[in-house]
There are 2 protein chains.
Amino acid sequence: MNCDDQGRARGHAVLVLALLAVLGLVSQQPRSGYDVRKVFIETALAHFSASPGAIYPALRRLERAGLLSGEVERQGTLRPRRVYRLTAQGDRGLKRHLGRPVARDDIVWHMDELMLRFVFMDPLLGRAATLEFLEEMAQELEAYLPELEAQLAQQEQVGTACSRLAVQQGLEGYRATARWARRAIKALSSG
Amino acid sequence: MNCDDQGRARGHAVLVLALLAVLGLVSQQPRSGYDVRKVFIETALAHFSASPGAIYPALRRLERAGLLSGEVERQGTLRPRRVYRLTAQGDRGLKRHLGRPVARDDIVWHMDELMLRFVFMDPLLGRAATLEFLEEMAQELEAYLPELEAQLAQQEQVGTACSRLAVQQGLEGYRATARWARRAIKALSSG
DNA sequence: CGATACATGTAACCGGTTACATGATTTT
DNA sequence: AAAATCATGTAACCGGTTACATGTATCG
């Protein structure tokens with residue numbers, strides 16, 4: 001069992017999770033840092049930073065990277081607010097990121113990112129793309145489940161009762177998500 | 001809706017997740033940094049760092065904090081290995097952390113930590129404590145579910161179809177975990 | 001002899017958390 | 001007048017990722 005040079009390629013995956021959330025929110029409508037914070041706090045959107053020391057610098061970085069442009073707005077607000085919009089480049093980048101195919105790797109390691117993509121996808125890429133995304137997700141999940149079950153059955157001997165139960169819990173989560181994806185497809189097709 | 005002074009208290013919760021995993025693994029048996037890495041990689045234990053730049057410094061920090069003690073071992077190994085054991089203080093600290101009651105907050109924000117505690121709990125605190133832990137988990141989950149359902153029903157009007165489906169997905173996860181906890185209790189009681 | 005596995009580390013960079021600062025406006 | 005809300009930020013600290021460095025032993 002080789003341990004060398006593993007443990008890499010984990011940080012960003014083109015876009016860090018929090019940045020994807022920020023871009024997605026700004027894509028819905030122009031927002032200030034405070035607006036983004038509010039959404040993070042009120043909706044418990046995933047579980048993101050929400051601290052000013054994270055959000056304001058992140059917006060600045062996205063602006064430096066050319067994905068957002070911020071303009072100071074003075075009308076009708078207490079204090080001047082710096083309101084951000086997607087640039088053309090940001091729009092392209094976000095759409096490209098949202099449109100990427102669902103990989104096995106995403107299912108195993110980045111389920112939260114997949115859900116985030118799902119939330120922001122519909123208005124930007126259209127219903128057909130959203131349904132395709134869900135179909136890919138469902139298929140990847142349904143292909144992954146038997147493998148997990150085989151692993152669990154195979155390791156029924158080794159490990160403690162509790163470690164096996166913990167694996168079982170993970171498996172149940174994947175099963176629930178697979179069922180959810182199928183139901184979501186139906187809901188979005190007929191609705 | 002007040003946004004001030006939110007977004008705090010999110011980093012450590014006495015023990016950061018990765019440190020809890022490291023302590024738990026060392027509690028099972030004396031391990032070196034390489035051993036810990038192997039477990040992180042091979043078992044996909046949650047999804048932890050596993051990079052040497054994370055693990056070796058973490059072990060050193062835990063040693064400086066008095067929770068671990070490392071001794072260099074030269075027999076029967078290729079290169080001298082620094083093998084760590086729990087100190088008396090580390091043992092006390094880990095047991096205290098594992099034995100904390102399950103709070104609503106843990107259910108909402110730190111489910112992964114709860115699962116980690118579950119995995120390491122049985123040998124250290126005994127079967128009775130493990131069953132009590134699962135019972136607390138099940139009860140907190142079952143109390144939380146109706147609230148989530150109410151929120152979802154209430155916000156059936158606002159939000160897009162996709163955002164509602166995303167919330168639904170989270171709900172299904174909690175439901176699956178609640179069912180799992182009840183089954184785990186049965187399995188560990190009778191088995 | 002070269003590749004692979006064993007084993008431990010370091011240094012630069014980046015970014016999140018914590019905590020504090022600031023200041024205007026509305027509410028009590 | 002005081003408190004709360006709106007709104008934006010900064011600076012120190014800490015730690016993870018990435019990437020590189022190093023060296024031994026075994027296997028083919």
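Computed from a prediction, not measured in an experiment: that's the story for all the values here. Chain A is the first sequence line, chain B the second, and so forth, proteins listed ahead of strands; every chain is numbered from 1.
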Take a 6.0 Å sphere around CD of E147(A) and say whether it holds more than 12 heavy atoms from other residues, nucleotides or ligands. yes
Do F48(B) and W109(A) have ring centres separated by under 6.0 Å? no
In whole angstroms, the gap separating C1' of dA7(C) from CG of L59(B) amounts to 13 Å
Whole angstrom value for the distance that separates P of dG15(D) from CZ of F48(B): 16 Å
For L188(A) and R127(A), which heavy atoms make the closest approach, and how far apart are they? O-NH1, 3.3 Å
Would you indicate which nucleotide in dA7(C), dG9(D), dT17(D) comes nearest to any side-chain atom of R81(B)? dA7(C)
OP1 or OP2 of dT8(C) versus the side-chain N and O atoms of Y56(B): is any pair under 4.0 Å? yes
Spacing between Y84(B) atom OH and dA7(C) atom P, to the nearest angstrom: 15 Å
The side chain of A54(B) lies closest to which of these nucleotides: dG9(C), dT17(D), dT17(C)? dT17(D)
Using a cut-off of less than 4.0 Å, is there contact between a side-chain N or O of R61(A) and OP1 or OP2 of dG16(C)? yes
Just the rounded figure in Å: distance from C1' of dC6(C) to CD of E42(B). 13 Å
Measure the distance from CG on D35(A) to C1' on dC6(D) and round it to the nearest whole Å. 11 Å
I want to verify a distance call: between dT17(D), dG9(D), dT17(C), whose nearest atom is closest to the S51(A) side chain? dT17(C)
Check whether any side-chain N or O of S32(A) sits under 4.0 Å from OP1 or OP2 of dA7(D), and answer yes or no. no
May I have the distance from L19(B) (atom CG) to dC14(D) (atom P), rounded to whole angstrom? 14 Å
So which heavy atom on I55(B) is nearest to which on G33(B), and how close? CG2-O, 3.8 Å
Lys/Arg-Asp/Glu bridge criterion (N-O < 4.0 Å) met for E172(B), R175(A): no
Using whole Å, what does the distance between atom P of nucleotide dT8(C) and atom NZ of K38(B) come to? 10 Å
d(OH, Y34(B); P, dC6(C)) in whole Å: 5 Å
